[in-house]
K.L.:
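Take this structure, written in structure tokens, and hold onto it; I'll ask about it next.
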Amino acid sequence: MNDSTHDRQQANEYSLRKAIATDEQAVRALMQLGGMGLAADWQNATVAVDSNGTLIGYIRIQETSKGPHVAPVAVMPAWQGHGVGRALMQAELEQHHALKLVSRGDAAGFYRALGGTEISFDEISGDLEEDCEHCADRAACQPVAFILTLEATHG
């Protein structure tokens, strides 16, 4: 990491906006880094961009019969730990007031730090629950279902 990148991260110089058509390649690359595919409705998302306009984070909310679900949130590795994921989650919580999600791997600690509460997989959208049930990596992934509420993050 060069000094100017480090300085930008330290200053947290980034902003959030709705995804636009020209974000597709960067969103696709970010999803690949996280071992995820690109959702067909990826444009229905909020992105974080650095001061140069480079995409550094992404969150998509999937509306389901069981409420809004995060599917997914991802942040470029160089920007992890600098508040980008927290800012993306907070922006969506302010709009939706409650979000459900399934964490993978080490991400559970991040969601707990945001005030997330573990819930039963029965409370998660069937599509997301089914993805976990049939996943060959379930044991390594150790998925945990969460709900985050606006009150918990402000309280």
Side-chain angles (χ1 to χ4, degrees), residues 12 14-50 53-77 79-155:
N12 289 329
Y14 60 85
S15 59
L16 306 182
R17 63 168 170 74
K18 290 298 179 186
I20 57 176
T22 57
D23 292 330
E24 182 174 3
Q25 185 176 356
V27 171
R28 187 178 302 277
L30 183 56
M31 295 299 95
Q32 287 175 342
L33 275 175
M36 299 172 268
L38 185 66
D41 64 341
W42 68 268
Q43 302 97 323
N44 298 332
T46 299
V47 297
V49 294
D50 69 11
T54 303
L55 190 135
I56 60 171
Y58 170 86
I59 188 170
R60 181 178 71 97
I61 304 302
Q62 179 179 351
E63 295 292 341
T64 75
S65 62
K66 294 185 178 183
H69 287 61
V70 175
V73 61
V75 176
M76 292 297 289
W79 281 87
Q80 292 175 4
H82 295 278
V84 176
R86 178 179 291 274
L88 287 164
M89 291 292 295
Q90 191 64 41
E92 292 298 339
L93 275 169
E94 288 174 8
Q95 182 175 349
H96 298 282
H97 303 286
L99 296 169
K100 295 178 182 178
L101 59 96
V102 176
S103 74
R104 300 180 350 178
D106 297 336
F110 170 71
Y111 298 113
R112 285 187 188 100
L114 290 178
T117 303
E118 288 186 36
I119 58 175
S120 163
F121 269 85
D122 293 343
E123 296 181 53
I124 296 296
S125 169
D127 292 344
L128 298 175
E129 181 184 12
E130 191 172 308
D131 286 348
C132 286
E133 270 184 37
H134 301 293
C135 180
D137 293 331
R138 185 179 176 113
C141 175
Q142 299 177 341
V144 179
F146 281 96
I147 187 167
L148 285 91
T149 61
L150 187 59
E151 297 78 28
T153 62
H154 284 243

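The chain is numbered in sequence order, starting from 1.
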K.L.:
Testing the basics here: between I147 and A98, what is the closest heavy-atom pair and its distance to 0.1 Å?
P.N.:
CD1-CB, 4.5 Å
K.L.:
Are any side-chain N or O atoms of Y58 and backbone N or O atoms of W42, one a donor and one an acceptor, separated by less than 3.5 Å?
P.N.:
yes
K.L.:
Can you give me the closest heavy-atom contact between R86 and A113, atom names plus distance?
P.N.:
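For R86 versus A113, the nearest heavy atoms are NH2-O, 3.9 Å.
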K.L.:
Can you find a pair of side-chain heavy atoms, one from Y111 and one from L99, that are under 4.5 Å apart?
P.N.:
no
K.L.:
State the CE-CG distance between M36 and L30, to the nearest 0.5 angstrom.
P.N.:
6.5 Å
K.L.:
Parallel, tilted or perpendicular: which describes the rings of W79 and Y14, with under 30° parallel and over 60° perpendicular?
P.N.:
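W79 vs Y14 ring planes: perpendicular.
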K.L.:
So, taking the atom named CD in Q95 and the one named OG1 in T46, what distance separates them when rounded to the nearest 0.5 Å?
P.N.:
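The OG1 atom of T46 is 7.0 Å from CD of Q95, to the nearest 0.5 Å.
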K.L.:
With side chains defined as the heavy atoms from C-beta onward, is the minimum distance between P68 and E63 less than 4.5 Å?
P.N.:
yes
K.L.:
Does H69 reach the main-chain N or O of T64 with its side chain, forming a donor-acceptor pair under 3.5 Å?
P.N.:
no
K.L.:
Identify the two heavy atoms, one from R60 and one from D41, that lie closest to each other, and give their separation to 0.1 Å.
P.N.:
NH1-OD1, 2.6 Å
K.L.:
When rounded to the nearest 0.5 angstrom, what distance separates CD1 in I61 from CG in N44?
P.N.:
10.5 Å
K.L.:
Any side-chain heavy-atom pair from L38 and E24 closer than 4.5 angstrom?
P.N.:
yes
K.L.:
Which value, rounded to the nearest 0.5 Å, describes the distance between T54 atom OG1 and D23 atom CG?
P.N.:
10.5 Å
K.L.:
To the nearest 0.5 Å, how far apart are CG in D50 and CG in L55?
P.N.:
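Going from the CG atom of D50 to the CG atom of L55 covers 9.0 Å.
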K.L.:
Taking side chain as C-beta onward, heavy atoms only, is F146 less than 4.5 Å from R112?
P.N.:
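Side-chain contact under 4.5 Å: yes.
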K.L.:
Write down the atom of K100, the atom of K66, and the distance for their closest heavy-atom approach.
P.N.:
NZ-O, 3.0 Å
K.L.:
About how many Å separate CG of L33 and CE of M76, when rounded to the nearest 0.5 Å?
P.N.:
5.5 Å
K.L.:
If you take all heavy atoms of R104 and G34, which pair is closest and at what distance?
P.N.:
NH2-O, 2.8 Å
K.L.:
Answer yes or no: is there a side-chain heavy-atom contact under 4.5 Å between M89 and L148?
P.N.:
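A side-chain contact exists here, since the closest heavy-atom pair is under 4.5 Å.
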K.L.:
Using the side chain to side chain contact (heavy atoms under 4.5 Å, CB included) definition, which of the options L16, V75, V70, V47 pairs with I59?
P.N.:
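Exactly one pass, corresponding to V70.
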K.L.:
Taking all non-hydrogen atoms of both residues, which atom of H97 and which atom of E151 are closest, and how far apart?
P.N.:
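Nearest pair, atom of H97 first, then E151: O-OE1, 4.4 Å.
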